There are 2 protein chains.
Amino acid sequence: MAHGGKPRPMKGIRQLAEHLDISIGTVSRALNGKPDVNEETRKRVLAAAEQLGYVANQSGRSLRQGTTNVIGLMIQSSRETVENSDNFFLTVTGGLQSVFSRHNLDLIMLPCPHDEDPYEYLKRMVARRIVDALILSETQRVDKRFDMLAKAKIPFAALGRSLSGVQHPWADLDFDGVANCAVDRLVARGHRRIAISTPASDINLGFVFVEGYRRALERHGIPYDPALVIRAKSSEQGGYQVADELLRLEDRPTAVILIYELMAIGFYRRVMEAGIIPGRDIAVVGFREAPRAKFLQPALTCFRTSLHDLGVELAEILLSSMPAYNHIYPNTKRQRTWPLELVPGESDAFHLTTGK
Amino acid sequence: MAHGGKPRPMKGIRQLAEHLDISIGTVSRALNGKPDVNEETRKRVLAAAEQLGYVANQSGRSLRQGTTNVIGLMIQSSRETVENSDNFFLTVTGGLQSVFSRHNLDLIMLPCPHDEDPYEYLKRMVARRIVDALILSETQRVDKRFDMLAKAKIPFAALGRSLSGVQHPWADLDFDGVANCAVDRLVARGHRRIAISTPASDINLGFVFVEGYRRALERHGIPYDPALVIRAKSSEQGGYQVADELLRLEDRPTAVILIYELMAIGFYRRVMEAGIIPGRDIAVVGFREAPRAKFLQPALTCFRTSLHDLGVELAEILLSSMPAYNHIYPNTKRQRTWPLELVPGESDAFHLTTGK
DNA sequence: ACGCGCTCCGTAAACGTTTACGATACTATG
DNA sequence: CATAGTATCGTAAACGTTTACGGAGCGCGT
């Protein structure tokens with residue numbers, strides 16, 4: 001490879017210092033807002049940097065001070081994620097960034113390849129020291145990643161709870177609260193056989209969801225029937241499959257709670273194929289409100305929340321557990337279940353005992 | 001084993017060298033596969049690195065050799081993107097990674113915040129030298145970013161064409177080909193007033209799409225009517241709006257081509273509100289095949305493609321324009337329109353002249 | 001005069017790696 | 001035996017930045 005004899009342009013702080021006829025130490029201090037530099041020289045330095053388009057080389061900086069000013073958001077583009085994530089991650093990302101940018105932190109997304117073990121991938125990213133802190137998503141029931149990050153002393157927060165690493169910081173949608181509310185609402189309308197869907201994978205939110213459902217049933221004195229818990233992919237196809245399985249049951253449920261709004265599309269379709277009208281013959285409650293759920297007929301009863309604000313909260317939780325920032329976000333609650341608001345629709349608007 | 005028990009975490013190549021009683025130069029050469037190192041010592045070094053969990057610090061490495069082994073994929077999480085991107089980016093990402101990982105390159109996603117100018121954001125990322133090369137998406141009609149990257153001599157490729165930076169490498173869905181094919185098909189069924197939708201933003205694919213449509217009409221001797229080109233967001237709501245606007249026209253079109261499949265959901269809904277049945281009273285052709293389009297009734301005629309393979313192609317295009325890799329991917333065609341395959345549905349299955 | 005504290009700035013040593021260069025031992029060749 | 005060539009390895013200089021340290025200049029109180 002040409003390793004060349006051309007006089008390199010020396011694009012660095014050194015050139016900037018020479019151009020200003022100041023030592024590079026002073027230039028660096030001026031740029032980084034250190035106190036012991038004359039205000040007037042600082043102005044000169046900043047002006048020159050702006051004019052010459054100088055930006056500190058990240059490698060040099062982070063080599064010296066062991067910090068990168070980059071936060072990583074790890075996502076596993078598993079097939080299931082790919083099929084249903086839609087705007088979820090990007091919306092949360094917006095909230096995260098709105099906080100990080102205030103501290104000159106940049107967010108990058110680390111997509112773990114399908115064919116690579118998430119744990120190994122994360123280990124590599126950590127070892128490379130490319131990020132100062134991490135946000136983990138799609139937390140598993142037991143998730144080795146937490147222990148690893150704790151041992152490596154990398155600050156992190158999770159988008160989702162987990163059973164492992166008990167005390168780690170997280171923010172999570174209030175899955176059990178939603179299941180609870182949905183059951184209450186359906187029971188109040190006379191339903192007693194209520195089905196629920198949960199993801200097929202080991203992702204923890206499914207367990208939390210079903211657990212909330214189970215406790216709510218218990219509170220109402222309704223026996224918990226495992227046959228009414230359907231494991232399915234969180235997609236339209238999954239919803240179709242849920243309906244399919246429920247139709248096969250001898251003692252069919254009169255209501256169903258779907259963990260992803262998109263599933264309702266497939267669910268509607270399948271039951272209508274069987275001549276069953278959602279909102280008249282069976283009650284349906286979905287999870288998050290989503291633009292495309294708005295077009296369902298009858299309108300889906302679901303739960304609204306601001307994913308953007310959830311991102312904001314999660315960012316603050318992360319910063320509060322980073323030594324360099326916890327003086328700015330002190331005592332922030334390290335674990336936060338994020339509330340959702342009921343959006344009543346027509347899909348469960350009938351009372352069972354009064355007929356349709 | 002020299003020191004029994006658990007070795008404490010590696011601090012750097014220096015400790016690894018001391019542990020092996022070899023100079024750090026040799027260790028580095030061994031790890032990087034340089035030729036002038038004894039095969040047997042190399043094995044020892046690799047084994048020790050594996051055992052002690054040593055991974056080279058990326059900052060030190062990239063500071064020295066000016067390379068990071070990271071490829072950045074810039075995405076602008078604009079509101080429009082957030083609403084319709086669904087699995088698009090993650091799927092393409094999978095294809096990209098399958099190529100990059102063969103060369104020990106990692107892909108990171110750089111999400112430009114809504115409130116930041118994409119150009120400034122990119123400039124910052126480039127200046128920080130955090131990536132070796134870039135993939136740009138959502139290319140605008142005229143896109144300053146290309147010129148900037150060219151001037152900064154950063155290798156890049158684009159997911160999407162542009163009018164600026166004429167000779168830059170890119171891969172792009174065959175928007176004009178699809179528009180062309182759709183028009184041909186509709187004309188063959190007797191349609192002459194054919195509407196088309198295009199995004200409201202300056203994203204280039206809209207122009208390419210409409211241009212293909214315009215030329216196809218011209219070929220059939222059908223006059224181009226600007227009133228039939230509807231600018232709308234690429235979402236269900238956008239589709240609803242397209243239908244709404246078309247219904248207001250005095251001389252209503254008999255067919256419509258939608259640039260995003262999701263729009264069909266809203267479109268169906270709106271025309272059915274007006275008592276118009278898609279596939280009987282109006283012909284509808286969508287763009288990409290998507291899981292949720294499968295649930296439309298009648299089935300949407302649309303176009304299928306593998307976004308994963310598009311990612312593979314794009315990765316190879318990028319590598320072929322990187323000095324360090326172009327010997328591996330020589331003479332790869334630098335610009336590639338990616339084909340789509342027609343998936344006939346029922347939404348345009350009627351012949352206009354024979355009635356319904 | 002002297003010392004002290006303060007403000008500002010220059011010097012140089014890190015940070016962890018890669019790599020050009022030279023050194024050593026050994027082998028093959030003349 | 002001298003020399004050249006080869007295989008292998010150690011040494012030290014970069015890469016660009018931050019920062020501990022010290023020094024110069026100055027004002028001020030004793």
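Computed from a prediction, not measured in an experiment: that's the story for all the values here. First the proteins, then the strands, lettered A, B, ... as listed; each starts at 1.
Taking 4.5 Å as the limit, some side-chain heavy atom of B/Arg61 sits within range of a side-chain heavy atom of B/Gln58. A 4.5 Å side-chain heavy-atom check between A/Ile135 and A/Phe156 finds every atom pair outside the cut-off.
Each of B/Asp21 and A/Val55 was matched to the nucleotide of DNA chain D holding its nearest heavy atom; the match closer to the 5' end belongs to B/Asp21.
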Is there a side chain to side chain donor-acceptor pair (under 3.5 Å) between B/Ser62 and A/Ser59? Walk through the geometry before answering. CA-CA 6 Å; B/Ser62 60; A/Ser59 300; 2.8 Å; yes

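Salt bridge status for B/Asp202 with B/Arg141: absent, with no side-chain N to carboxylate O gap under 4.0 Å. Under 4.0 Å is where a charged nitrogen must lie from a carboxylate oxygen, and between A/Lys43 and A/Glu40 no such pair does.
Using a 4.0 Å cut-off, no side-chain N or O of B/Lys34 falls inside it from OP1 or OP2 of C/dT18.
Here D/dG10 presents its P atom at 11 Å from CG of B/Leu20, a figure rounded to the nearest Å.
Under a 3.5 Å cut-off, the side chain of A/Glu138 and the backbone N or O of A/Gln76 do form a donor-acceptor pair. Judged purely by atom type and a 3.5 angstrom limit, A/Asp132 uses its side chain to pair as donor or acceptor with the backbone of A/Thr68. For B/Arg42 (side chain) and B/Lys34 (main-chain N/O), a donor-acceptor pair under 3.5 Å exists by modelled atom type.
Between its opening and closing five pairs, the helix from C/dA1-D/dT30 to C/dG30-D/dC1 changes axis direction by 70°, a value rounded to 10 degrees.
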Name the pairs: protein N/O against N/O of nucleotides 13-16 of chain C, kept only if under 3.5 Å.
residue: C/dA14; atom: N3; partner: A/Arg64; partner atom: NH1; Å: 3.3
residue: C/dC15; atom: O2; partner: A/Arg64; partner atom: N; Å: 3.2
residue: C/dG16; atom: N2; partner: B/Gly60; partner atom: O; Å: 3.1

Polar pairs (N or O, both sides) under 3.5 Å between protein and nucleotides 5-9 of chain D?
residue: D/dC9; atom: OP1; partner: B/Thr41; partner atom: OG1; Å: 3.4
residue: D/dC9; atom: OP2; partner: B/Asn38; partner atom: N; Å: 2.8
residue: D/dC9; atom: OP2; partner: B/Thr41; partner atom: OG1; Å: 3.1
residue: D/dC9; atom: N4; partner: B/Asp36; partner atom: OD2; Å: 3.4

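Shown are B/Thr139, B/Asn204, B/Asp172, B/Asp143; of these, the side-chain hydrogen bond (donor to acceptor under 3.5 Å, both in side chains) with B/Arg161 is made only by B/Asp172.
Taking the six-membered ring for Trp and thresholds of 30 and 60 degrees, A/Phe146 and A/His168 have nearly parallel ring planes, at less than 30 degrees apart.
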